[in-house]
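The shown structure was predicted, so the numbers you read here are calculated from the model rather than taken from an experiment.
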Amino acid sequence: MAFENTYAGTNQQQFGGNTQPSFGAPQYGAPQQMGYGQVPAPQMGYGQPIPQQAGAPVPAQAQPQVPASYGTTVDRVVVNKQWASGSKSWMAVVDITTDAELFLNGLNAWVNPDGVNIVYPGESRMQNGQPVVNQRGKKVVNHYYTPLYVKDGYNGYAEMSKILAPLAQSAVQTGQGVSDNPSDMGHSNKMFPAPQTGQGAPRAYGSAYVKGMPTRIYGVFVMPVYDENGTCTCRLALPSRPKMKNGQPVMKDGKQEYTQYVILGKSSREEVTNIVGQAVYDALVKAQQQVQ
């Protein structure tokens, strides 16, 4: 299997991603974000991700504190060992952490008298056709994305709650919670009241805009892109799932519609794709060497 390195730049430091595969079948999402094209060059080149720096505790009512210049890291790579240059199949599935500009959808919040519980979207983990449950009998969820959590420093869950909890409370009390923060692009931090079933606490749902707040994204499919010369680069298929209504797929203009749970902002799409592409190239080369 031949694979030409097209992930090249002027910086000659090699990106070192974690290429150890983990067990379990990758979950498929619909291709979403388009990648980039580059002229092939003989040398690999991407800079090392900037190391994490833990943020200080955040006082009440302050703006969220985040690790300074976290950048993007590739935390897991599982390559498609059957992939070869020219194939249209997926190249790899990866988990990444990035502080890039992101739009996050599918958030839920339970508004209790003693606080707000933010719930991140995902799907039940399955084994032998049955949901996996933990020791307390609750279903185990594979999340599409979660905030970064560092035990001795930055707590992304707490920081996200500072943004979304007031909006969820407002949604339940007034019918809508929309951010008035001018740095929130398009005021994308929003919460709306969900239909109540009479069981448990009131619930709200909505979306968030983050930038500079490290977020883990799971199950990102890396898809090949070929230019007119046959040069292969990639695009990222971030977590998404088909829209369903009454058990049937939602269609528009003859095509199935998808819920896009994570969308990369235009300002950071190319940079993140470059870093992931280099890590996948390294992993594919390693896989080739192991079978030779």
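Remark: side-chain polar atoms of N246 are not paired, donor with acceptor, to backbone N or O of Q248 under 3.5 angstrom. Side chain of N117 to backbone of V111: no donor-acceptor contact under 3.5 angstrom is found. Checked by atom type and distance alone, the side chain of D99 pairs as donor or acceptor with a backbone atom of Y70 at under 3.5 Å. Remark: the backbone N or O of D227 is not paired with any side-chain donor or acceptor of T231 at under 3.5 angstrom.
Following chains of ILVMFWY side-chain contacts shorter than 4.5 Å, one can reach I118 starting from Y157, so the two form part of one hydrophobic cluster. Connection of Y261 to V141 is not established within any shared hydrophobic cluster, with ILVMFWY side chains joined at heavy-atom distances below 4.5 Å, either directly or through further cluster members. Residues V74 and L264 share a single hydrophobic cluster, defined by chaining ILVMFWY side chains whose heavy atoms lie under 4.5 Å apart. Follow the hydrophobic side-chain contacts under 4.5 Å out from L102 and you reach I275 in the same cluster.
Taking Ile, Leu, Val, Met, Phe, Trp and Tyr as members and joining any whose side-chain heavy atoms lie under 4.5 Å apart, directly or through other members, the hydrophobic cluster of F192 also contains Y205. Hydrophobic cluster membership for M126: none, as no Ile, Leu, Val, Met, Phe, Trp or Tyr side chain comes under 4.5 Å of it. Residue V132 shares its hydrophobic cluster (ILVMFWY side chains chained together at separations under 4.5 Å) with V140.
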- Would you sort out whether L236 and V222 count as a side-chain contact (heavy atoms from CB on, under 4.5 Å), showing the intermediate values? CA-CA 5 Å; L236 307 182; V222 183; 4.2 Å; yes
- Derivation and outcome, side-chain contact (heavy atoms from CB on, under 4.5 Å), residues L238 and Y144: CA-CA 9 Å; L238 279 78; Y144 303 141; over 6 Å; no
- Query: What do the steps show when you test V210 against M160 for side-chain contact (heavy atoms from CB on, under 4.5 Å), and what is the final call?
  - Reply: CA-CA 9 Å; V210 296; M160 282 291 289; 3.7 Å; yes
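The side chain to side chain donor-acceptor pair (under 3.5 Å) check on R203 picks up N108, with sequence neighbours excluded. The side chain to side chain donor-acceptor pair (under 3.5 Å) search around E101 returns Y209, S267, not counting sequence neighbours.
Residues P121 and Y145 form a side-chain contact, since some pair of their non-hydrogen atoms from C-beta on lies under 4.5 Å apart. Looking at heavy atoms from C-beta onward, V262 lies out of side-chain contact with V220 at the 4.5 angstrom threshold. Two residues are said to be in side-chain contact when any heavy atoms from C-beta on lie closer than 4.5 Å; L148 and R216 meet this criterion. The shortest distance between side-chain heavy atoms of P224 and C232 falls below 4.5 Å. V172 places none of its side-chain heavy atoms less than 4.5 Å from the side chain of M191. Side-chain contact between N105 and I263 is present, with at least one heavy-atom pair separated by less than 4.5 Å. At a threshold of 4.5 Å between non-hydrogen side-chain atoms, the residues W110 and V116 do not count as touching. Annotation: side chain of M91 is in contact with side chain of C234 (closest heavy-atom distance under 4.5 Å).
In terms of heavy atoms, F103 sits closest to S188 at CE2-OG, 3.6 Å. Shortest non-hydrogen contact noted between V79 and A283 is CG1-CB, 3.4 Å. The two residues A208 and N189 have their closest heavy-atom pair at CA-OD1, 3.1 Å.
Going from atom NZ of K243 over to atom CD of Q260 covers 8.5 Å, rounded to the nearest 0.5 Å. With rounding to the nearest 0.5 angstrom, the CG atom of L104 is 8.5 Å from the OG atom of S207. Note: M244 CE to E257 CD = 12.5 Å, rounded to the nearest 0.5 Å.
Around atom CG of D114, more than 12 heavy atoms belonging to other residues, nucleotides or ligands sit under 6.0 Å away.
The list of ring-ring contact (aromatic ring centres under 6.0 Å, His included) pairs with a residue in residues 223-247, not counting sequence neighbours, is empty.
Side-chain contact, N274 with Q278: no donor N or O sits under 3.5 Å from an acceptor N or O.
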